[in-house]
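Everything on this sheet refers to the single structure shown next.
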Amino acid sequence: MADYEGRSAGRGPSGKPLLGLAGKDILGIQEMGLGEIELILDTAESFKEVSTREIKKVPTLRGKTVINLFFEASTRTRTSFEIAAKRLSADTINISASSSSVVKGETLIDTAKNLEAMKPDCLVIRHSAAGAPHLLARLMDVPVINAGDGAHEHPTQALLDLFTVREKRGKIAGLKVAIVGDILHSRVARSNIFGFTKMGAEIHLTGPETMRPAEVERLGVRWYPRLEEVVSEVDVIMMLRIQLERQGGGFFPTLREYSRFFGLNLEVLKRARPEVLIMHPGPLNRGVEIAPEVADGPFSVILDQVTNGVAVRMALLYLLTGGEREANRSPS
Amino acid sequence: MNLLIKNARVIDPASQTDRPMDVLVEGEKIVEIGNGIPESRVGPSPSESEPGGSSFPGRRVIDGTGKVLVPGLIDMHCHLREPGFEYKETLESGSRAGAAGGYTSLACMANTLPVNDTRAVTEYILRQARGRALIHIFPIGAVTKALEGESLAEMGELKEAGVVALSDDGKPFVNAGLFRRALEYAKGFGLTIISHCEDPNLTGQGVMNEGFVSTTLGLRGIPNAAEEVMVLRDIALSELTGARIHFAHISTAGSVRAVRDGKARGVKVTAETAPHYFSLTDEAVRGFDPNAKMNPPLRTAKDVAAIIAGLKDGTLDAIATDHAPQTSIEKDVEFDYAANGIIGLETALPLTLKLVEDGHLTLVEAIGKLTVYPARILGLSKGVIQVGEDADLTLIDLNLQRVVEVSQFKSKSRNSPFQGWKLKGFAVMTIVAGRIVYHAPELS
């Protein structure tokens, strides 16, 4: 990968805040340093206020172009990136797989190189194949943000989750976080495992044994076979969406049984700590992995996650495309 | 023409020979092996205009001092892509890659287009090879028509046309009943079946080894058991039918254990592995490099150790390349969509010699895995340095170091995970039927 002189603001003596990100891309939490995560969260904090203004727009990225290249259906993430870019005054273009030239048999690399030839300032990509953003990042000069690659990583989701927990609890270190459900196929789980672990939280996983990734404990997490064993122990319960197609794939017998043993309902929630945070990356399967009363209940921060997503993505766009010149200036 | 290779350290695994000697070649055969063979035996002095002359003119007496002379290497498992995929490799380019890697014989798999499942295709391959290939080409025929696993190919005619074994390599035999019949029928024609062991239901949509690395990368995993259940099944079928089965590209510790147990009970199975299964682990997939994608997938350090132990104790008889050329069209895509396979003809020898360097195998053992053992499995009277035998010979410089540079490969394809590796021990001269078909640029 090319060395992006200037962007790499250098990791100062420990404790000193960074002025920029180390690389040109945001591909995953695994490669991210603690200082970078903190920089992003701090920057997001200062951007959050923009969305509460009457005129929800700052000129920070005026003249910049952000392309959202989505090879997989997405409402929340794509919209969140689009709004984030627009609130920073960047121009945004959305390309979804159905309208792209992919159907004409063009390779991912060709599609991306053609887009790059039109001189965008940032490429946001979601793809069903793990590593697809990494392939593009290697070949392109333009910053690439991974908006979800297969079952690998969803770094912006993890950052907004970290942001939300830090906002609600004032810290992350020392907290216990449960991630529940289809860990095997979940990029949200992986990014959050990397992120929360780096920030000093303890991760507890649970779900059907069929959805337990091989040797997952080596990521520094603990596995529990049953949800009840975890609920009373943790400060945060993060429910994962169960893909309805998994039913019949041999991963669990029926959605009904899944819901009974791995769904979060009021009955299970009774065991939880009084100040527990309930999270979900969306979209919800109401009545399957999460009961409506829990999703809409007092412990749920699910919509806060969505709100914070915009702030976090504003921070990333700013740091990747505008941070170079303005790193020392206040964003607003 | 005649050739005299003087003072080379001659390795002949069949006779457990390892000592400095001279080897005299007349025409296509080895005629004398011994010490102090006079240069006068080579015949009249060389002429540049010699008809049918070698690509290394003017050299009839080769000083082998400090070098190792071994039987020409035999790759019992490669994909030469002709007919059908000539943009990836041809019999000619594959043979050049082989010659540069020290190989004098290649057995090419049947998954061409059309599939080598009839006499006509076998004859086509042999005809193309006769005109263009620098080294011997031995086609392997399909077990089932179009490799579809549904009905038997015409094995008898394939044998008549010149196939040396049968394999649906690339595809497993899912239908055990049909495979049983295939084994019985092939046995009647003296043909060994080479089995690609993989349970496709356990593989599922997997693209790499199932383990910690697949967990970290979020790539779908292929468990070791996908290979092992089929190895175990095939051992039972070999016992049932009395037919020989050769296992292709063994990659897991459990498979090594199963083959070892089977052999101990006298079951007529043999097995090969490939250099990447003892040189790399699934850690190579980090970074999503499509050149670390093959089937079976790269496994873990534990499996690598078991593969090396299997080579040492003879459980694994042969080292084959599974040379599988793919171009950027197949490889420069998302990891999930990238084609399987890597090329290996030009790196197999130094990677194998590293096992010697590291003290795992003796030189005689290592060379045996690349020569006489695969020859025996395929029923070829090759792979030996003995008087009266074919003059297929490879001269190796054990100390020659190179940094692997795929752009310098003779193969048409570039899909090697060993790009940039510093390797030691390369073929400096390859002799096929008494003709020098390759000499290394380093050889002055």
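Throughout, protein chains are lettered first and strands after them, A, B, ... in sequence-line order, and every chain is numbered starting at 1. Model, not experiment: these values are computed from the prediction.
Other residues, nucleotides and ligands contribute only 12 or fewer heavy atoms inside 6.0 Å of the CZ atom of B:Arg257. The neighbour count for A:Lys113 NZ, taken as heavy atoms of other residues, nucleotides or ligands under 6.0 Å away, does not exceed 12. The environment of NZ in B:Lys354 is sparse: at most 12 heavy-atom neighbours from other residues, nucleotides or ligands sit within 6.0 Å. No more than 12 heavy atoms of other residues, nucleotides or ligands lie within 6.0 Å of CZ in A:Arg222, so this atom counts as exposed by the packing criterion. Within 6.0 Å of CD in A:Glu209 there are more than 12 heavy atoms belonging to other residues, nucleotides or ligands.
Ring geometry for B:Phe288 versus A:His152: interplanar angle over 60°, hence perpendicular rather than tilted (30 to 60°).
For the set A:Ala129, A:Pro213, A:Gly28, A:Ala130, the count of heavy-atom pairs under 4.5 angstrom toward chain B peaks at A:Ala130. Of all the listed residues (B:Gly204, B:Gly211, B:Gly218, B:Ser214), the one sharing the greatest number of non-hydrogen pairs under 4.5 Å with chain A is B:Gly218. Put simply, of B:Asp289, B:Leu217, B:Val213, the one with the most heavy-atom pairs under 4.5 Å next to chain A is B:Leu217.
For A:Arg190 against B:Thr216, the heavy-atom pair with the smallest separation is CD-O, 3.9 Å. Of all non-hydrogen atoms in A:Ala214 and B:Glu210, the two that sit nearest each other are CB-CG, 3.9 Å. Taking every heavy atom of both residues into account, B:Glu334 and A:Ala132 meet most closely at CG-CB, 3.9 Å.
Panel note: side chain A:Arg138, backbone B:Gly287; a donor-acceptor pair is recorded below 3.5 Å.
For A:Ser128, the parts lying near chain B are the backbone and the side chain together; criterion is any non-hydrogen pair under 4.5 Å. A:Glu217 does not touch chain B: none of its heavy atoms, backbone or side chain, sits under 4.5 Å away. Heavy atoms closer than 4.5 Å to chain B are found in the side chain of A:His127, but not in its backbone.
B:Asp332 has its side chain out of reach of A:Thr107: every pair of non-hydrogen atoms, C-beta onward, lies at least 4.5 Å apart.
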Item checked: side chain to side chain contact (heavy atoms under 4.5 Å, CB included) evaluation trace for A:Leu219 with B:Thr215 -> CA-CA 9 Å; A:Leu219 292 174; B:Thr215 289; 4.1 Å; yes
